[in-house]
Amino acid sequence: MQGNELIGAITAFSAALPIAFSLSSAAHANDLENSIKVGYAKVKFNLKSGELTGPPGTTPPGLGIGVRDLDVVAMSYERRFSPNWAVQFQAGIPPTLTAFGTGEARTVGTVATARIWFPTVMVLYTFTDFPVIRPYVALGATYTFFTDQKSSSAYTAAVQGLGSSIHLKSSWGPYARIGFEYPIDKNWGINMEYSSFRIKTVATVVTQTPGFGPISRRIGLKDSPRIFGLTVGYKF
């Protein structure tokens with residue numbers, strides 16, 4: 001399943017490439033510009049968790065999930081097809097997302113971990129009338145999916161099981177950004193950005209339970225994480 005999700009993301013973003021290049025071909029060759037940006041991003045969560053649900057009589061009420069903030073190595077490729085307009089493809093090294101118990105589950109500690117991927121494609125508009133900096137805004141879409149999904153032994157012990165597996169549903173969501181570039185010279189620049197995107201997923205946890213066999217439980221999760229980024233860009 002994880003392989004299919006990765007293939008789906010690659011296929012979706014590959015399909016967007018001809019659109020970007022067809023748009024760029026309409027511009028004069030001297031206006032074309034490529035950029036690669038690499039840097040640091042802080043992802044801050046404010047997760048809204050439902051309650052863990054399962055078969056009647058198997059799950060105590062009030063069990064929720066929270067997640068810890070992330071430090072991310074951010075990378076992007078930008079194709080500019082006019083002084084104002086560009087298409088940007090963003091990815092990064094997928095960090096490990098750590099989920100912990102909340103509500104009645106707050107004493108459990110870490111309940112699951114997973115690598116989170118959120119590759120993004122966006123259309124970017126740069127304001128060119130400013131003398132020093134170049135402010136920009138961007139709108140696009142992100143595809144969030146998860147790999148290396150693991151349920152913790154602490155969770156399994158809390159529900160009196162022998163072992164658990166977890167699956168987090170993939171999702172598409174809107175992505176928005178504001179930021180500015182400070183040009184150092186013709187090729188190099190520094191970017192400061194604030195972004196947000198939407199995640200809506202369902203976590204399904206299956207626990208092998210003595211006397212009952214596998215018991216499946218689910219919990220709904222949604223968030224609009226805030227991302228603060230600082231990158232260095234190179235144009236060519």
Side-chain angles (χ1 to χ4, degrees), residues 1-21 23 35-49 65-81 85-99 112-126 136-149 166-181 191-203 220-231 233:
M1 184 64 177
Q2 294 174 359
N4 290 338
E5 291 168 348
L6 182 57
I7 291 171
I10 294 171
T11 301
F13 287 97
S14 297
L17 282 170
I19 299 175
F21 284 101
L23 288 171
S35 299
I36 294 176
K37 300 177 183 179
V38 179
Y40 166 80
K42 183 73 173 184
V43 183
K44 300 185 71 66
F45 291 94
N46 184 25
L47 190 68
K48 295 177 174 60
S49 169
I65 289 180
V67 293
R68 294 191 175 91
D69 295 341
L70 295 173
D71 298 300
V72 179
V73 177
M75 297 180 288
S76 65
Y77 165 75
E78 183 179 300
R79 176 73 168 179
R80 184 164 295 279
F81 51 91
W85 293 98
V87 172
Q88 188 176 99
F89 302 90
Q90 177 177 278
I93 299 174
T96 297
L97 185 69
T98 301
T113 59
R115 286 197 176 273
I116 180 171
W117 304 66
F118 42 97
T120 303
V121 59
M122 67 188 89
V123 176
L124 185 146
Y125 181 85
T126 301
Y136 52 84
V137 296
L139 290 174
T142 189
Y143 180 65
T144 305
F145 65 101
F146 306 86
T147 58
D148 297 334
Q149 305 170 61
I166 184 171
H167 175 73
L168 292 149
K169 184 179 178 182
S170 305
S171 66
W172 287 92
Y175 192 103
R177 166 175 292 165
I178 58 173
F180 69 85
E181 178 191 29
N191 296 268
M192 294 188 68
E193 302 167 336
Y194 169 79
S195 309
S196 184
F197 68 102
R198 186 181 301 164
I199 299 174
K200 187 176 182 181
T201 186
V202 175
L221 307 166
K222 59 182 179 180
D223 200 350
S224 295
R226 297 165 294 152
I227 306 174
F228 303 89
L230 179 64
T231 62

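Counting begins at 1 with the first residue of the sequence.
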Next on the checklist: Nearest 0.5 angstrom please: Ile36 CD1 to Glu78 CD, how far?
Outcome noted: 11.0 Å
Checklist entry - Would you call Asp223 and Lys48 a salt bridge, taking side-chain N to carboxylate O under 4.0 Å as the test? => result no
Next on the checklist: Can you confirm whether or not the ring centre of Tyr125 sits under 6.0 Å from the ring centre of Trp85?
Outcome noted: yes
Checklist entry - Under the 3.5 angstrom rule, does the side chain of Asp69 hit a backbone N or O of Phe45 as a donor-acceptor pair? => result yes
Next on the checklist: I'd like to know if the side chain of Thr98 and the backbone of Arg68 have a donor-acceptor N/O pair within less than 3.5 Å.
Outcome noted: no
Checklist entry - Mind checking whether Phe197 and Thr120 have side chains closer than 4.5 Å, heavy atoms only? => result no
Item to check | Side chains of Glu181 and Thr126 in contact at under 4.5 Å (non-hydrogen atoms) | outcome: no
Checklist entry - How close do Met75 and Ile93 get, heavy atom to heavy atom, and via which atoms? => result CE-N, 3.9 Å
Checklist entry - Should we count NZ of Lys200 as having more than 12 external heavy atoms under 6.0 Å? => result no
Checklist outcome for this item: Between the NZ atom in Lys37 and the CD atom in Gln88, the distance rounded to the nearest 0.5 Å is 5.0 Å
Checklist entry - Which atoms form the tightest heavy-atom contact between Phe118 and Val43, and what is the distance? => result CZ-CG2, 4.3 Å
Checklist entry - So which heavy atom on Pro95 is nearest to which on Leu70, and how close? => result CG-CD1, 3.7 Å
Checklist entry - Between atom OH of Tyr194 and atom CZ of Phe180, what is the distance when rounded to the nearest 0.5 Å? => result 15.5 Å
Next on the checklist: So does Pro225 get a backbone contact from the side chain of Ser196, meaning a donor-acceptor N/O pair under 3.5 Å?
Outcome noted: yes
Checklist entry - Taking all atoms of both residues into account, what is the closest heavy-atom pair of Ser170 and Phe145, and its distance? => result OG-CB, 3.3 Å
Item to check | Test item: Thr201 and Thr144 side chains (from C-beta on) under 4.5 Å apart, heavy atoms | outcome: no
Checklist entry - Which distance, rounded to the nearest 0.5 Å, do you find between the CD of Glu193 and the OH of Tyr136? => result 3.5 Å
Item to check | Rounded distance [0.5 Å steps], CD in Gln90 versus CG in Leu124 | outcome: 10.5 Å
Checklist outcome for this item: d(Ile166 CD1, Thr113 OG1) to nearest 0.5 Å is 8.5 Å
Next on the checklist: Show the nearest heavy-atom pair for residues Tyr77 and Arg79, with the distance to one decimal.
Outcome noted: OH-CD, 3.6 Å
Next on the checklist: To check you understand the geometry: which heavy-atom pair defines the closest contact between Met122 and Tyr175, and what is its length?
Outcome noted: CE-CE2, 3.7 Å
Next on the checklist: Consider side-chain contact (heavy atoms from CB on, under 4.5 Å). Of Leu168, Thr147, Ile199, which one does Ile116 pass it with?
Outcome noted: Ile199
Item to check | Enclosure of Met192 CE (heavy-atom neighbours >12, cutoff 6.0 Å) | outcome: no
Next on the checklist: Using the salt bridge (charged side-chain N to carboxylate O under 4.0 Å, His left out) criterion, which residues pair with Arg115? Sequence neighbours excluded.
Outcome noted: Asp148
